[in-house]
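Note that the coordinates shown come from a computational prediction; the quantities given were computed from them, not determined experimentally. Heavy atoms only: backbone and side chains are in, while hydrogens, waters and symmetry mates are out. Just follow the structure's listing: the first ligand is 1, and inside any ligand the first atom is 1.
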Amino acid sequence: MKKIQASFRILKEIYPPFLILIVFYPIIIGFIIDNELSDARYILINLLWLPMFTIPYIFLKKRIIYYLIVSIIFIVGFIETGHWIILKGPITITSLFVISNTNIQEAFEFFDLKATYWLIVLIPYSCLFIISLRNPPNISPSEMKPWIIGLVFLVSASFILENAIHGRLARKGVPQIAKVIFSFIDKRNLYKEAMQDIDPREVNAVSSFQVSSQTFVLILGESCNRHHMSLYGATKKTNPLLETRDDLIVYNDVISPYSNTLNSVLTIFSQSNLEQNIRFKESVDIIDVFHSAGFKTYWISNQSPIGIWDNLVTVLAKKTDYFKFVNTTSNSSFEAILTTSYDSKLFEPFIEVLEENVPRKFIVVHLMGSHSAYSKRYPKSFKVFTGINSKEKTIAEYDNSILYNDYIVNSLLNILKSKNSTDNNKIAAAIYLSDHSENVYDEMDRVGHDFSNKLPKANVDIPFFVWLSPSYIQMNKGLVESIHSNVNKPYVVDDLFHSMIDINGIQSLYLEEERSIFNQEFNELRPRILEDGKDYDKK
Ligand SMILES: [Zn+2]
């Protein structure tokens with residue numbers, strides 16, 4: 001009996017009860033807030049990692065080691081608990097980007113919407129910290145049980161080693177916060193690497209359309225969920241303008257590869273795709289291709305160029321021959337929360353660019369679209385839908401932003417059309433898509449596009465349509481036919497790189513025809529495995 005008691009005592013030293021509570025507290029809070037998004041695996045992972053810190057203390061008996069362990073675990077737990085309360089989910093790389101990129105507005109919007117008396121749970125947590133500091137384990141040499149300590153250490157070490165050997169330690173074998181920090185550092189390094197080299201590269205690409213003028217416009221939307229568009233059958237009339245056009249080729253089954261701006265935009269613009277993630281610096285992007293094919297490249301944007309740190313989307317923009325950011329109402333993304341910058345600001349620079357006398361143009365128009373806070377995305381005259389309770393109000397505000405987006409996209413197309421209507425030797429084409437979608441209580445009773453281990457379809461179901469000038473249609477009958485015939489095929493826009501090369505008649509070694517939705521060779525059987533590792537079509 002005494003032996004068992006002694007064994008328990010030594011286990012209590014390896015796993016101090018108050019410290020265990022500090023470790024499990026955020027996980028428990030997470031389970032209460034949303035058990036669907038919690039991951040019980042982290043309890044086990046934490047139990048396996050803790051001895052790596054407590055065992056050195058047991059042997060060295062230096063109080064400072066214990067204080068350090070408790071403080072670090074407390075700070076991490078405090079951040080994780082706060083994150084659960086404010087963002088209703090665990091810390092993920094996406095949520096860190098939400099906080100560190102231009103999307104900071106969203107983090108604050110979440111706080112406005114959802115911060116509650118829940119923050120009170122941080123008080124008992126802080127008490128736990130103090131109690132834990134005051135009760136350091138204290139074991140006498142006579143109570144030491146080296147074989148128990150050895151066994152625990154062996155189990156933990158072999159778990160860590162096993163994961164490390166198989167190269168999945170950072171992904172699967174560490175506590176959540178460490179996992180997030182590892183991938184965050186990786187993304188930061190990618191950015192630094194990319195900044196060293198922002199001149200477009202000369203790559204294999206030759207323009208084949210024999211015309212006096214060729215213009216291609218990519219209208220890149222933001223957080224637009226096609227199920228909220230009446231163009232796609234939504235009951236609220238959110239697309240009174242686009243719906244009445246007879247010159248749009250609307251695709252019905254297109255999704256974004258990721259649920260956040262950065263990852264989505266990078267794959268849309270580069271060779272990288274879901275199957276093959278090529279580092280930004282090594283991959284050829286669409287600006288390299290257009291540049292090499294003799295196009296002048298433009299980027300006009302209503303998104304804030306300044307994050308807490310700059311981001312890779314800004315790097316892409318800066319790579320073009322001419323870029324303009326019209327969202328100048330703030331000095332930082334923090335300030336941008338408080339300000340409004342309507343997408344109509346893009347009309348003037350768009351007209352200027354179209355009027356430039358350059359034979360071949362590639363123009364990216366990056367909208368603010370339906371980025372949260374939704375109510376800041378449209379002027380008063382577009383406040384058509386209303387709601388009674390806070391949920392209905394949020395949905396109504398989102399739908400108003402879709403209604404405004406209808407006006408913006410329709411106007412951009414009209415402007416483009418007006419500049420390209422007369423001469424048969426001038427052709428133009430445009431694609432509109434959203435970088436990702438937005439879950440506005442469509443699924444899981446949640447708002448936003450952040451997710452942890454379960455990716456709702458509402459985060460990736462995006463609108464995608466094509467506009468072609470009459471002269472383009474006249475000139476490319478065969479291509480136009482396959483563009484029309486593929487409208488119901490399943491597509492992920494990580495392959496838009498190939499489709500943009502294709503629709504512009506650029507001959508290039510980088511064009512993989514089976515990845516172009518406009519091509520007869522398009523492979524509609526490609527499985528759509530998204531960032532959560534699950535097949536979209538089996539969800
Ligand atoms: Zn976005």
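Counting backbone and side-chain atoms alike, Thr261 contributes an N/O/S atom closer than 2.8 Å to the Zn ion (ligand 1). Residue contact annotation: His436 places an N/O/S atom under 2.8 Å from the Zn ion (ligand 1).
Rounding to the nearest 10°, we obtain 120° for the angle at the Zn ion (ligand 1) between Asp435 OD2 and Glu222 OE2.
Listed by chain and residue number, Trp299 satisfy the ring-ring contact (aromatic ring centres under 6.0 Å, His included) test with Phe269 (two or more places apart in sequence, or in another chain). Legend: residues meeting ring-ring contact (aromatic ring centres under 6.0 Å, His included) with Phe522, ordered by chain and number and at least two apart, are Tyr491.
Between Phe290 and Phe362, the distance separating the two ring centers is shorter than 6.0 angstrom.
The side-chain heavy atoms of Lys383 and Tyr378, taken from C-beta on, include a pair separated by under 4.5 Å.
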